[in-house]
Amino acid sequence: MTGTVTGRAGGPAPRTALAAALGFVALAAVGCSAGPEPKAQEAKPTPKPSATAPACPEDGVVIKGLPVNAAMGTRAMGITLTNCGTRPYKVNGYAGVRVLDESRKPLDVKISHGSDIVDDIGPEPLTLKPGEQARAVLMWRNRVTDVTGSAVNGAFLSLTPAEGGGRPQVVRELIDLGSTGKLGVTAWHREGPKPRT
């Protein structure tokens, strides 16, 4: 005699309904165990170099101006010569200096070695390794001794590593010479000369 599966009410259990219920439970289990789909990460743009980053000139050195020390009509301004290249750089003597107006045209200014403002011990042969720097000092007096003429005010400095040689590098700075028309410069040294006290 063949047995018959009966439900609680005594009637036969519908096998198709049981199979469907088991299938639903399996699908629900799979759905609960699977986490949400990971979001695609956006590709981060490659950072570009700053447009204001200073580039190393072809000759491998860069010249910069330091803040002006002003007192009682006397001016002293340090300048630095930095080897930004990959090879040693030799320098000996004085920087080439020209004072320019707002239109970057040269002004009639006499450039001399040394001054009564700053001690200048003279040239010293230097070999700057990459990253090393030398210093010099520019000095002038804001004094009006000739009331018949107008005061000379420079807006830029054109600087070269050596007098009569090298690519000029322009530094923005007010050079208020009054009517003196003179500017002194010290020789390059690893430690810049200091103003007299």
Side-chain angles (χ1 to χ4, degrees), residues 52-57 59-84 89-147 149-197:
T52 59
C56 187
D59 52 5
V61 290
V62 61
I63 303 176
K64 293 184 178 181
L66 302 177
V68 175
N69 182 4
M72 300 296 291
T74 300
R75 309 285 189 261
M77 172 185 170
I79 57 175
T80 61
L81 174 72
T82 304
N83 182 352
C84 57
Y89 185 88
K90 294 183 178 181
V91 61
N92 184 12
Y94 296 83
V97 182
R98 300 186 79 179
V99 182
L100 311 178
D101 63 11
E102 282 285 355
S103 300
R104 303 199 180 195
K105 294 181 180 179
L107 295 172
D108 185 14
V109 176
K110 180 181 179 181
I111 308 298
S112 61
H113 294 169
S115 169
D116 59 347
I117 303 174
V118 176
D119 289 323
D120 178 30
I121 61 176
E124 173 190 8
L126 301 173
T127 299
L128 302 178
K129 297 178 182 179
E132 291 185 339
Q133 69 175 207
R135 296 192 178 195
V137 177
L138 307 178
M139 51 273 175
W140 67 94
R141 294 187 184 278
N142 179 16
R143 180 182 299 169
V144 177
T145 57
D146 183 3
V147 295
S150 58
V152 175
N153 290 321
F156 297 92
L157 287 169
S158 175
L159 304 170
T160 56
E163 293 175 304
R167 185 184 65 86
Q169 300 185 38
V170 177
V171 173
R172 175 83 180 190
E173 188 58 61
L174 170 63
I175 309 298
D176 51 348
L177 298 170
S179 62
T180 63
K182 297 178 181 180
L183 185 145
V185 58
T186 66
W188 292 113
H189 288 279
R190 293 189 186 274
E191 293 296 333
K194 297 185 172 48
R196 294 178 179 177
T197 56

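The closest side-chain heavy-atom distance from Leu159 to Val97 is below 4.5 Å. Taking 4.5 Å as the limit, some side-chain heavy atom of Leu126 sits within range of a side-chain heavy atom of Arg190.
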Test side-chain contact (heavy atoms from CB on, under 4.5 Å) on Leu128 and Trp188; report intermediate values, then the result. CA-CA 11 Å; Leu128 302 178; Trp188 292 113; over 6 Å; no
- Message: Between Val185 and Glu163, is the side-chain contact (heavy atoms from CB on, under 4.5 Å) condition met? List the steps.
- Response: CA-CA 11 Å; Val185 58; Glu163 293 175 304; 5.5 Å; no
I'd like to know whether Thr186 forms a side-chain contact (heavy atoms from CB on, under 4.5 Å) with Met139, so could you lay out the CA-CA distance, the side-chain angles of the two residues, the decisive distance to 0.1 Å, and finally the verdict.
CA-CA 9 Å; Thr186 66; Met139 51 273 175; 3.8 Å; yes
* What do the steps show when you test Glu102 against Phe156 for side-chain contact (heavy atoms from CB on, under 4.5 Å), and what is the final call? -> CA-CA 7 Å; Glu102 282 285 355; Phe156 297 92; 4.3 Å; yes
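Closest non-hydrogen pair, Thr127 versus Glu132, comes out as O-OE1, 3.8 Å. Nearest heavy-atom pair across Gln169 and Val61 is NE2-O, 3.0 Å. In plain terms, the two heavy atoms of Pro161 and Arg167 that are nearest each other are CD-O, 4.4 Å. Heavy-atom minimum distance, Asn83 versus Gly60: OD1-O, 3.2 Å. Here the closest non-hydrogen pair linking Val62 and Cys84 is N-SG, 4.1 Å. For the residue pair Trp140 and Asp176, the shortest heavy atom distance occurs at NE1-OD1, 3.0 Å.
In summary, the side chains of Arg141 and Thr74 do present a donor paired with an acceptor at a separation below 3.5 Å, with no hydrogens or angles considered.
In this structure, the side chain of Asp120 engages the main chain of Ala187 through a donor-acceptor pair within 3.5 Å. Side chain of Ser179 to backbone of Thr145: a donor-acceptor contact under 3.5 angstrom is found.
Tested against Leu157 for a side chain to side chain contact (heavy atoms under 4.5 Å, CB included), the candidates Val170, Leu138, Ile63 yield a single pass: Leu138.
Counted within 6.0 Å of CZ on Arg98, heavy atoms from surrounding residues, nucleotides or ligands total 12 or fewer; the atom is thus considered open.
The CD1 atom of Ile79 sits 8.5 Å away from atom CG of Leu66, with the distance rounded to the nearest 0.5 Å. Atom CG in Leu81 sits 11.5 Å away from atom CZ in Arg135 (nearest 0.5 Å).
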